[in-house]
Amino acid sequence: MASSLTKDSPEPTGGRPTAPGPQGVPEKTFFGHPRGLATLFMTEMWERFSFYGMRALLTIYLISGGPEASKGLQGGGLGMTLATTTAIYSIYLSMVYLLAMPGGWLGDRVWGPRRTVTIAACTIMAGHLTLALPGSGTFFAGLGLVALGSGLLKSNISTMVGHLYDGTDDPRRDGGFTIFYMGINIGAFFAPLVIGTVGEKYSWHLGFALAALGMGIGLLVFLLGTKHLAPRSSHVPTPLSAEERASWLRKGLTWLLIGSVFYGLAVFTGHFTINWAMVPLTLAGIVIPAGVLVRMKRDQDLSPAEQAKLSGYIWFFVAAAVFWMIYDQGGSTIQAFGTTKAAGHVFGIGFPTSWYQSLNPVFIMALAPVIAWLWLWLNRRGQEPSTVVKFAAGLAFVGVSFFFFLIPLMLAADGTLVSPVWLVGIYLIQTVGELCVSPVGLSVTTKMAPAKYAGQMMGVWFLAVTAGDSVTGMLSIAGVDLSRTGVVAVEAALATLAGFAVFMYRRTVRGLMGDVR
């Protein structure tokens, strides 16, 4: 899933203005913005190209050769069931967003944003190259490296965009982030068309290698353009003291030793299965977000007003987790349905099924300006929906998308291959819901953040994605078939009821929000 001001999107921070060049000649700009924006735009575009390209192949590669695979998919995949595939896909996504928090911490305390992004890009590239090697062992190792690198990169590259501008008063700031998020969607749009086609039609591992090449280009662009970045991007804002560094290293090595001994014994005794890895990760994806919110709520340093806002924010957090739980199945449950139960052609033109993953970014680029204009138009008339109502609408849309999904599910029940247009409709409805939830979620996260946790709250927003995807992963591990008509109907009803509950309690939530609107 790609997005505009979405879960992938940064939140503006502060920085510096463009300085004049030698002898008073203005420094060259990028569409009127600091030159460093071009560097970060291209880096993010190629990183997203690699990320979404690999992700477009992930579900198809996992089910290829398995019981759900049909329509003449090439061999060489891992041949897994849909339940296992959905679990792996969901856990992978949840870890990407969970690791964004320690990634931001490493940028703030250890390496600084610029070095962290360099290390992240190298890690991602190594992950894709590992995926390009045959075998299930190398597959899981590569997937882990890509998740780790993506978590390291996500928050730090956004921070560096903010460094280019002179605080919140710089009039170019919002426009700069708008240009930056276009890089996300451009990369996400072309990735399935290129990497998906090569991987699905010719060689899975060549497709993964192309993802590594994309990240390699992004890394090269970044290294060549670092001279245009703000000097503060190289600094470590709050470096660890020698005592803190030793303490963290000791704790890390201790947990590494415990994990190595535990899993080493499981492998040695022949008891290890894939669930030994998946179950702890899904539990962590649920427990850690809950623990972070509980720790904040129990913080005695927060004022009564901040406590109230945090209580209101929990409503948004839970609603967002429900939203992402269903929305992110666009790359697993719905993608698998499109691969196995939908015709591989439309209007007589054939296409690889990985191309479905290009629908969301193209819809985002087409609809984001329309939705933004709609809010402004309603605002001028005093009729713009409140933040709470927008959230409720987003949940309702994602619920409707799964009610809509029931139609092709029932049509395909007798083995008929349904029209791909049904899937286009599902992705379109979900994108409208995303545009109601994600920009609002980013905005309300920064507005309702307690002063003590202002720098951490964007990581907390990412944890809503982690929680939602972890629930999906846990259901799949438990053997729930998320593509069954009854289960899809329950999920659709859950999202719709959650949206209705948020709407019905909108006055309560608005009261907790205080002066935030």
Side-chain angles (χ1 to χ4, degrees), residues 1 55-73 77-94 192 196 200 274-275 278 282 322-344 352-357 359-360 397-430 433 468-496:
M1 170 276 325
R55 210 183 79 166
L57 287 178
L58 186 53
T59 293
I60 308 170
Y61 174 67
L62 287 171
I63 65 174
S64 174
E68 277 93 358
S70 61
K71 294 173 54 180
L73 276 179
L78 295 187
M80 295 185 174
T81 64
L82 180 57
T84 303
T85 294
T86 302
I88 292 171
Y89 180 91
S90 301
I91 292 168
Y92 165 67
L93 282 189
S94 71
E200 189 177 346
I274 191 172
N275 282 350
M278 293 199 300
T282 53
V322 173
F323 178 88
W324 297 121
M325 179 186 75
I326 296 174
Y327 178 93
D328 276 344
Q329 289 183 58
S332 55
T333 307
I334 298 174
Q335 175 65 60
F337 178 85
T339 302
T340 60
K341 303 293 178 62
T353 60
S354 55
W355 286 18
Y356 286 123
Q357 298 307 306
L359 290 172
N360 174 256
F397 273 114
V398 82
V400 168
S401 77
F402 261 38
F403 279 125
F404 189 79
F405 186 24
L406 289 173
I407 301 173
L409 275 174
M410 290 185 288
L411 291 175
D414 62 356
T416 302
L417 294 179
V418 303
S419 169
V421 175
W422 289 108
L423 281 85
V424 174
I426 296 169
Y427 287 115
L428 175 60
I429 297 169
Q430 289 191 343
D469 284 327
S470 293
V471 171
T472 303
M474 186 64 75
L475 291 172
S476 298
I477 292 170
V480 177
D481 183 355
L482 296 175
S483 65
R484 285 182 56 192
T485 304
V487 177
V488 171
V490 169
E491 290 186 272
L494 173 65
T496 305

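We're numbering straight along the sequence, starting at 1.
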**Under 3.5 Å: donor-acceptor pair, side chain of S476, backbone of T472** = yes

**Asked** Which pair of non-hydrogen atoms, one from F402 and one from V488, has the smallest distance, and what is that distance?
**Response** O-CG1, 3.4 Å

**Message:** What I'd like to find out is whether the side chain of I334 reaches to under 4.5 Å of the side chain of Y356, using heavy atoms alone.
**Reply:** no

**Request:** Grab the two heavy atoms, one from T59 and one from G331, that are nearest each other, plus how far apart they are.
**Result:** OG1-O, 2.7 Å

**Message:** If the test is side-chain contact (heavy atoms from CB on, under 4.5 Å), which one of T81, T86, L82 qualifies with T84?
**Reply:** T81

**Message:** Is it the case that the ring center of Y89 lies less than 6.0 angstrom away from the ring center of Y92?
**Reply:** no

**Message:** Please enumerate all residues that pass side-chain hydrogen bond (donor to acceptor under 3.5 Å, both in side chains) together with S354, with sequence neighbours excluded.
**Reply:** E200

**Request:** Check side-chain hydrogen bond (donor to acceptor under 3.5 Å, both in side chains) between T333 and all other residues, then give those that pass, not counting sequence neighbours.
**Result:** Q329

**Request:** Would you please name every residue forming a side chain to side chain contact (heavy atoms under 4.5 Å, CB included) with T282, sequence neighbours left out?
**Result:** I91, M474, I477

**Message:** The criterion is side-chain hydrogen bond (donor to acceptor under 3.5 Å, both in side chains); which residues satisfy it with N275, sequence neighbours excluded?
**Reply:** none

**Asked** If every non-hydrogen atom of G338 is compared with every non-hydrogen atom of T353, which pair is closest and at what distance?
**Response** O-CG2, 3.7 Å

**Item:** Spacing of W324 atom CH2 and S470 atom OG [to the nearest 0.5 Å]
**Value:** 14.5 Å

**Message:** My understanding is that only residues two or more places apart in sequence, or in another chain, count here; which of them pass side chain to side chain contact (heavy atoms under 4.5 Å, CB included) with V471?
**Reply:** I286, M325, L475

**Prompt:** At their closest point, which heavy atom of Q430 faces which heavy atom of F323, and how far apart are they?
**Reply:** O-CZ, 4.4 Å

**Message:** Using side chain to side chain contact (heavy atoms under 4.5 Å, CB included), reason through L58 and Q335 one step at a time and then give a plain yes or no.
**Reply:** CA-CA 10 Å; L58 186 53; Q335 175 65 60; over 6 Å; no

**Asked** Looking only at heavy atoms, what is the nearest atom pair of G399 and A492, with distance?
**Response** O-CB, 3.4 Å

**Where L482 and V487 come nearest, the two heavy atoms and their spacing** = CD2-CG1, 3.7 Å

Anything under 3.5 Å between a donor and an acceptor, one on a side chain of residues 407-428, the other on a protein residue two or more places apart or in another chain? List them.
unit_1	atom_1	unit_2	atom_2	d
D414	OD1	T416	N	3.1
D414	OD1	T416	OG1	2.7
D414	OD2	T416	OG1	3.4
S419	OG	V421	N	3.1
Y427	OH	G330	O	2.5
Y427	OH	Q357	NE2	3.3

**Asked** Roughly how far, to the nearest 0.5 Å, is OG1 of T85 from CD1 of I60?
**Response** 11.0 Å

**Asked** At what distance, to the nearest 0.5 angstrom, does CG of L93 lie from CG of D328?
**Response** 5.0 Å

**Item:** Evaluation steps, side chain to side chain contact (heavy atoms under 4.5 Å, CB included), between N360 and Y327
**Value:** CA-CA 11 Å; N360 174 256; Y327 178 93; 2.7 Å; yes

